[in-house]
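Scroll down for the structure; my scribbles are underneath it.
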Amino acid sequence: MLITGVSSGIGRELARQLARRARTLVLVARSGERLDALREELLALNPTLGVWVEQCDLSQPEHVDTLLDSLRRNLIRVDVLVNNAGMGDYGLYEQESWPRIHQMVQANMTAPLLLTRRLVRRMVERKRGGILNIGSGGGSAFVPGLAVYAATQRFLDGFTEALRLELLGTGVVVTQVAPGPVDTGGDEAAQPPEGPLAAWLRIPVARCASEALAGFERAEPLVYPGRAHRWMMRLAALLPRRTKRAVWLPAARRLRYGTAQLGPAHPESAPGLLLAGGPGNVRDEA
Ligand SMILES: NC(=O)c1ccc[n+]([C@@H]2O[C@H](COP(=O)([O-])OP(=O)(O)OC[C@H]3O[C@@H](n4cnc5c(N)ncnc54)[C@H](OP(=O)(O)O)[C@@H]3O)[C@@H](O)[C@H]2O)c1
């Protein structure tokens, strides 16, 4: 079993919960020290566990290739792939640095694609295996300040659902987990400022991991860990898009203007003028 993003948060907890059950765990993250510490911890939990540590920056496709080559050279078979590593940033899109955006796209989208592509073929040949993708409930919300992160999560959602259908009947299970707020005890710089519901929705990391694994064992297509989050996601799925936009509008205004209120003459109300080459178009920028 290979788990990415295992040096902290949900990935580390998944590894801890799997340590007593799995035969071999391949641990993937960038931080070598934290990987080594986790290996020691897991071996203390289960001395017979095979633990293989791979330090890898998943935002670099050539590093992913090196990781996969290393597994092949060392005859490590991966029956279950857990695409958990992910990164996010909070802020106005036009103010984000391009290298950071690119890194996010590579880590959240390209890496799961590459790993899945290289590992799933052998699973299909063996007629057994599994892909567990840890996405985010944020992928189906319109969260201002998380434009790129939300887009990468929506991508993962579409990929996972289609892949699951493609693999039906092959013996390979595909499950997506879309958590809400999880108390990982880590740096939450990627999260937007907390809304009033966050405290109600937040679950401990151990619960997120155990519900993810239980859902995967039941071959569920989609797991929303936490009862409150699950109900909120089901309810949100029934809402029209315009209602979702309205829900997030105050947060968007606070993000850009520092207040949820807007003055009457704001340029967002003048798209017709833009098409006509009026104020706000090229003339303004020249
Ligand atoms: N926590 C939440 O509230 C929450 C909610 C919804 C969804 N999620 C999703 O759940 C997953 C895990 O989140 P988390 O909160 O547990 O995150 P976290 O505590 O920040 O851990 C992220 C893990 O990913 C690894 N990672 C990040 N970038 C990497 C890269 N370029 N290459 C290799 N490893 C990388 C990190 O290790 P290194 O830094 O050592 O590389 C770390 O082990 C993410 O996909 C996230 O989108 C989390």
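The structure presented is a predicted model; accordingly, all values stated were derived computationally and were not measured. In listed order, ligands and their atoms are each counted from 1. Only this structure's heavy atoms are used, side chains among them; waters, hydrogens and symmetry mates stay out.
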Could you pull out all residues at least two apart from E94 that satisfy side-chain contact (heavy atoms from CB on, under 4.5 Å)?
L92, R256
Who's closest to atom 22 (C) of ligand 1 heavy-atom-wise, of S59, G86, G32?
G86
Under a 4.0 Å N-O cut-off, is there an ion pair linking E217 with R21?
yes
Compare G9, G139, S136, G180 and give the one whose heavy atom is closest to atom 4 (C) of ligand 1.
G180
Counting only nitrogen or oxygen atoms and a 3.5 angstrom limit, does G5 reach ligand 1?
yes
Quick test of your reading of the model: are E41 and R34 salt-bridged, counting only N-O distances below 4.0 Å?
no
Looking at R121 and E125, is any side-chain nitrogen of the basic one under 4.0 Å from a carboxylate oxygen of the acidic one?
no
With heavy atoms under 4.0 Å as the rule, classify the contact between A111 and ligand 1 as side chain, backbone, both or neither.
neither
Who gets closest to atom 39 (O) of ligand 1 by heavy atom: R30, M87, Q103, E33?
R30
Polar contact flag for D57 and ligand 1 (N/O pairs, less than 3.5 Å)
yes
Sub-4.5 Å side-chain heavy-atom contact between R128 and D79:
yes
Heavy-atom distances under 4.0 Å are what count here, so tell me which part of N84 touches ligand 1: side chain, backbone, both or neither.
both
Using 4.0 Å as the upper bound for N to carboxylate O, is an ion pair formed by D69 and R118?
yes
D157 with R154: basic N within carboxylate O range, under 4.0 Å:
no
Please check if the number of heavy atoms outside R126 that lie under 6.0 Å from its CZ is greater than 12.
yes
Closest to atom 13 (O) of ligand 1 among I134, I10, T4 (heavy-atom distance)
I10
How does R34 reach ligand 1, by side chain, by backbone, by both or by neither, if only non-hydrogen atoms under 4.0 Å count?
side chain
Any nitrogen or oxygen of S8, side chain or backbone, less than 3.5 Å from one on ligand 1?
yes
Heavy atoms only: which of L14, D183, L27, V182 is nearest to atom 3 (O) of ligand 1?
V182
Within ligand 1, which atoms have a heavy atom of T184 less than 4.0 Å away?
1 (N), 15 (O), 16 (O)
Mark up the atoms of ligand 1 that fall under 4.0 Å of a heavy atom belonging to C56, in ascending order.
32 (N), 33 (C)
Looking only at heavy atoms of Q153, does any of them come nearer than 4.0 Å to an atom of ligand 1?
yes
Within 4.0 Å of some non-hydrogen atom of S7, the atoms of ligand 1 are 36 (C), 37 (O), 38 (P), 40 (O), 42 (C), 43 (O)
Judging by distance only, is a nitrogen or oxygen of L58 under 3.5 angstrom from one on ligand 1?
yes
Test salt bridge (Lys or Arg N to Asp or Glu O under 4.0 Å) applied to R254 - qualifying residues, sequence neighbours left out:
none
Should we count CZ of R234 as having more than 12 external heavy atoms under 6.0 Å?
yes
For G135, state whether at least one heavy atom is located under 4.0 Å from any atom of ligand 1.
yes
In ligand 1, which numbered atoms sit nearer than 4.0 Å to a non-hydrogen atom of P181?
3 (O)
Between R12 and T184, is any pair of side-chain heavy atoms under 4.5 Å apart?
no
